[in-house]
Visitor: 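First the structure, which I've put down as structure tokens, then a few questions once you've had a look.
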There are 2 protein chains.
Amino acid sequence: MKELVRKVESILDETLPPAHTVPEVLHESMRYSTLGGGKRLRALLAMAACLAVGGEIRSTSGLAAALEMVHAYSLIHDDLPCMDDDDLRRGKPTNHKVYGEAIAVLTGDALLTEAFAELARMPEKYGVPYETTVRVVLELARGAGSQGMVGGQVVDISGQDQDLNEDTLHYIHSHKTGALFKAALRGGALLGGANDEQLAQITRFAESFGLAFQITDDILDETGQTEQLGKAVGTDQVLGKQTYPRLYGLEKSQELARQCVKECHEALRDFPKQADLLRELASFIIQRDH
Amino acid sequence: MKELVRKVESILDETLPPAHTVPEVLHESMRYSTLGGGKRLRALLAMAACLAVGGEIRSTSGLAAALEMVHAYSLIHDDLPCMDDDDLRRGKPTNHKVYGEAIAVLTGDALLTEAFAELARMPEKYGVPYETTVRVVLELARGAGSQGMVGGQVVDISGQDQDLNEDTLHYIHSHKTGALFKAALRGGALLGGANDEQLAQITRFAESFGLAFQITDDILDETGQTEQLGKAVGTDQVLGKQTYPRLYGLEKSQELARQCVKECHEALRDFPKQADLLRELASFIIQRDH
């Protein structure tokens with residue numbers, strides 16, 4: 001897995017315009033927030049899903065880069081003073097703390113746009129068929145859009161300090177983080193040449209995976225250490241955010257996360273050994289400490 | 001031309017998720033800033049370029065919607081307090097004045113993302129070939145990205161109150177507005193089935209058109225009326241922005257704009273009568289009062 005993370009870093013380094021490209025400040029800022037950090041979970045999920053359906057990792061390079069750029073953009077915008085107002089991310093000052101708010105907004109915009117450019121370059125760079133490319137663009141756009149990730153963020157910031165409600169909590173998380181995981185997994189499967197049945201099981205995996213991830217994320221915000229997480233802890237409570245531990249308590253939340261991972265493995269039951277990386281990622285997600 | 005503008009409005013209305021789709025506030029906000037106003041110049045350019053190379057307008061519907069969504073997103077983000085801090089746009093309060101800064105940022109993000117989703121739906125909705133679709137995605141992403149529109153905006157806000165310099169001014173405008181015009185025109189031409197020679201002439205047209213537009217825009221900011229423009233006037237000077245009238249004076253700027261329009265017509269010299277809408281748009285651009 002460590003080797004794949006290094007591979008993702010190198011793909012991102014090659015994909016992002018060099019820091020000396022005009023306008024330098026923008027490209028420096030894009031690289032500052034995208035390179036050198038992060039679990040690269042979305043990229044790994046795309047690669048693992050591609051492998052699981054019998055594809056080759058190389059064909060996911062464009063999608064891996066696009067996913068990490070979209071993820072980086074969403075963190076930059078989420079950290080803005082008008083949103084979560086965070087100072088620390090991946091152990092470094094947040095983008096707007098270094099480059100100012102205007103450049104932070106524009107850096108996010110540019111990363112989101114470059115993500116789609118990179119997908120559109122897949123046929124030329126990696127020999128991905130045009131039809132598959134178009135399907136992957138649609139997966140990413142749906143996952144990141146107004147009824148995906150951005151929709152989840154809107155409900156999250158709108159619901160702060162309101163009474164906790166299970167449906168709202170589920171909406172927020174299945175959209176804010178779950179939708180991009182789903183795009184990563186389904187996109188990777190499409191690039192690996194998945195048939196409809198495989199795609200359905202990967203989608204089922206994605207839904208349980210997203211929930212397990214988010215519950216663990218909420219737990220870590222309550223129990224983790226700033227040094228490990230690379231970001232401030234306890235901020236959910238300060239912001240009055242909806243979280244699983246607040247709704248169910250710590251113990252039941254942990255049980256729920258374990259249940260989700262079990263469902264992940266269940267969804268992969270009929271998959272061959274090539275799906276082991278995906279299985280590993282599902283088990284990893286609730287054991288992590290950052 | 002009026003009929004086409006109405007057509008664009010109706011395409012946008014159908015393309016944007018209904019206001020009652022969850023999260024309602026986001027979809028309301030997207031519709032607030034995209035519908036009911038604007039010259040729809042980018043959509044018209046795409047349609048006109050498609051016609052000019054012998055294509056059918058219907059095949060540009062997806063691109064027309066995508067372009068206007070990208071344009072709307074860029075205006076929302078440009079108007080933010082951390083950027084130009086504008087209160088008025090198209091005669092209405094700017095998005096963040098109505099919905100707040102956080103929703104304004106996210107509305108822009110969602111519109112940009114939906115633009116790419118809409119392009120990826122072109123094969124299914126309008127029978128556009130997959131390969132053409134991928135090429136159009138790349139045109140839009142390049143035009144809107146870090147070395148296109150966003151790049152221009154970065155240099156614009158970074159260069160405020162600095163000494164005027166012809167190269168910088170040209171960089172800002174050829175990127176901030178010119179790049180998206182170019183994507184509109186080249187994308188429309190690709191959808192119309194343009195050959196390489198036609199595409200080269202359309203690109204030449206695009207460069208002169210972008211310059212003519214921006215010079216006129218700068219002139220209108222100095223000489224226009226708030227009522228006609230639907231936005232505050234004289235703001236360029238207040239913000240210490242680089243403009244053509246500040247660099248060359250009003251008269252020489254007007255002469256330069258006329259020269260650009262002449263070059264637009266020159267680029268279309270070998271095009272048939274079907275290019276008349278494009279010719280009309282070029283002449284219109286320097287005669288407009290808003």
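Only heavy atoms go into these numbers, but all of them, side chains included; no hydrogens, no water, no symmetry mates. Per chain, numbering begins at 1; letters A, B, ... match sequence-line order.
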Visitor: Please look at Pro81(A) and chain B and tell me whether the side chain, the backbone, both or neither of the residue comes under 4.5 angstrom of a heavy atom of that chain.
Guide: neither
Visitor: Among Ala102(B), Gly145(B), Pro123(B), Gly148(B), single out the residue with the greatest number of heavy-atom pairs under 4.5 Å to chain A.
Guide: Ala102(B)
Visitor: Taking the side chain as every heavy atom from C-beta outward, state whether Phe116(B) and Leu140(A) have any pair of such atoms under 4.5 Å apart.
Guide: no
Visitor: With a 4.5 angstrom heavy-atom cut-off, could you sort out which part of Ile157(B) is near chain A: side chain, backbone, both or neither?
Guide: side chain
Visitor: Compare all side-chain heavy atoms of Pro23(B) with those of Ser158(A) and state whether any distance is below 4.5 angstrom.
Guide: no
Visitor: Inspect the surroundings of CZ in Arg142(A) and state if more than 12 heavy atoms from other residues, nucleotides or ligands are less than 6.0 Å away.
Guide: no
Visitor: Can you tell which part of Leu111(A) gets under 4.5 Å to a heavy atom of chain B, answering side chain, backbone, both or neither?
Guide: neither
Visitor: Are the side chains of Leu119(B) and Val137(A) in touch, meaning some heavy atoms are under 4.5 Å apart?
Guide: no
Visitor: Just to be sure I understand the criterion: a residue of residues 24-33 of chain A counts if one of its heavy atoms is under 4.5 Å from a heavy atom of chain B. Which ones qualify?
Guide: Val25(A), Leu26(A), His27(A), Met30(A)
Visitor: Using a cut-off of under 4.5 Å on heavy-atom pairs, state which of Thr133(B), Leu112(B), Val155(B) scores highest against chain A.
Guide: Leu112(B)
Visitor: Please report the closest heavy-atom contact between Leu138(B) and Arg121(A), naming both atoms and the distance.
Guide: CD1-CG, 4.0 Å
Visitor: What option among Glu131(B), His96(B), Glu101(B) has the most heavy-atom pairs under 4.5 Å with chain A?
Guide: Glu131(B)
Visitor: Taking CG in Asp196(A) as the centre, count heavy atoms belonging to other residues, nucleotides or ligands within less than 6.0 Å. Is the count above 12?
Guide: no
Visitor: Just one of Met83(A), His77(A), Met149(A) clears the side-chain contact (heavy atoms from CB on, under 4.5 Å) bar with Leu106(B), so which one?
Guide: Met83(A)
Visitor: Ignoring hydrogens, what is the shortest heavy-atom contact between Ala120(B) and Val134(A)? Give both atom names and the distance.
Guide: O-CG1, 3.3 Å
Visitor: With a 4.5 angstrom heavy-atom cut-off, is it the side chain or the backbone of Glu114(A) that approaches chain B, or both, or neither?
Guide: side chain
Visitor: Chain A heavy atoms under 4.5 Å from Thr21(B): which part of the residue, side chain, backbone, both or neither?
Guide: side chain
Visitor: Which atoms of Pro129(B) are under 4.5 Å from chain A, going by heavy atoms: the side chain, the backbone, both sets, or neither?
Guide: neither
